[in-house]
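A quick note: this is a predicted structure, and the numbers were derived from the prediction, not measured.
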Amino acid sequence: MEFKHAFHVFVDNFATTYKVLVYRLIIIAVCAGLGCAVVIPTMNNILGTAQYEQLNTTFSQLWADVIELNTDKLHDGLQAVLEALRSFRHLIEEKAWLVSIAGVCIAVVYLIYKFLAAVGDYVTGALVNDRMAMHAKSYFTVTLFKNLKQSLLYAAIYAPIAFLYDLLCITVMWAVVFVGLSFVPVLIKIFLLAVLFMVFSAVKFTFTADWLPSLIHAKTTQRSAIAYTFSRKGKNTGCVFSNALVLRLIIIALNVAATIFTFGAGLLLTMPATALIVICFWFVNYFDCNKLKYFVDEYTVIGPKKEAAPTLEQFFKGDE
């Protein structure tokens, strides 16, 4: 039932998708600019070397021989590529400090992106809450400035936690798949990575689902919201986790389909739309768990015990 209600809330808030898209494009542009400022100098120090030129030349020649079916040259070409790879590896080892600094800077840029995205999630959550609680139409920019202090505080707490969790998940996946199961075929490794990614994403979804709704709707403090979201007692954690797995699978399928069948153009719609539907699911789960009434569209209100639509007078009086 939560999927149906979340989908209806998503449709009722669909116009917010375009606002999320504009906001995400802005922060992606900012973070991409910061990333390029770090990556380009580093890449120039590597791509401009003789080792890289040798690797590029030998690989291009090997690929040309493969295309032209010059089987008599394939062995020599492959040996040349391997030799060039060894030289390039020595170059990377010599410039390890530069690569490490670039890696740290990219991690900082990613943290900045998570921070700015969390601010946008707070604003989007406020818009969804206004729509569900009162069916009120709020404006993204106005809501952003109105809730700037609260959203910045939320982002300052959430972004580092999410960043460290993502880093831990990447480390675990690498250790399990590429170290512990290094003997398995590549296709099985890809399958295991996909499974672990969905499981870790669902765990994160489950334990952070009530954070934003309790901040925005219940107007609790950050400490109370964090304590509430991580306390899963009596909250049907297993059901939320299974729903999160299904939702993540649907999101991945939609984005992959948009990438393949629209040559990536569809991502301009599916990426913000899937971000919005996750937030809608958070709020529907919170309202249902706390037995609160909410609008799924202009004429339909969902009650705690029945789905019959009461009148507006009954809704605001709190009658069942």
Tell me, do [X] and [Y] make a side-chain contact under 4.5 Å, heavy atoms counted?
| X | Y | result |
| --- | --- | --- |
| L249 | M198 | yes |
| F7 | F3 | no |
| Y113 | I27 | yes |
| Y23 | T124 | no |
| I302 | K293 | no |
| L269 | L21 | no |
| V203 | Y165 | yes |

Open item on the list: How long is the straight-line distance from CG of D210 back to SG of C289, given to the nearest 0.5 Å?
Closed with: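 C289 atom SG to D210 atom CG measures 6.5 Å (nearest 0.5 Å).
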
Open item on the list: Return the CE to CZ distance between M132 and F287, rounded to the nearest 0.5 Å.
Closed with: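 That separation rounds to 4.5 Å.
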
Open item on the list: Can you see whether T57 engages S60 through a side-chain donor-acceptor pair at a distance of less than 3.5 angstrom?
Closed with: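 Judged by distance alone, the side chains do not pair up.
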
Task: Side chains of D297 and H135, donor plus acceptor under 3.5 Å - done: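 No.
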
Open item on the list: I need the full list of salt bridge (charged side-chain N to carboxylate O under 4.0 Å, His left out) pairs touching residues 114-123, with sequence neighbours left out, sorted by first then second residue.
Closed with: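 Residue pairs passing salt bridge (charged side-chain N to carboxylate O under 4.0 Å, His left out), neighbours aside: R24-D121, K114-D166.
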
- [ ] Check the angle between the aromatic planes of Y294 and H5 and answer parallel, tilted or perpendicular using the 30° and 60° thresholds.
- [x]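 Perpendicular, since the angle between the ring planes exceeds 60°.
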
- [ ] May I have all residue pairs that pass ring-ring contact (aromatic ring centres under 6.0 Å, His included) and include part of residues 241-263, sequence neighbours excluded?
- [x]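 Counting only pairs at least two positions apart or across chains, no ring-ring contact (aromatic ring centres under 6.0 Å, His included) contact touches residues 241-263.
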
Task: Sequence-distant partners of I251, side chain to side chain contact (heavy atoms under 4.5 Å, CB included), two or more places apart - done: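 With sequence neighbours excluded, I251 shows a side chain to side chain contact (heavy atoms under 4.5 Å, CB included) to L247, R248, N255, T274, V278, given in chain and number order.
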
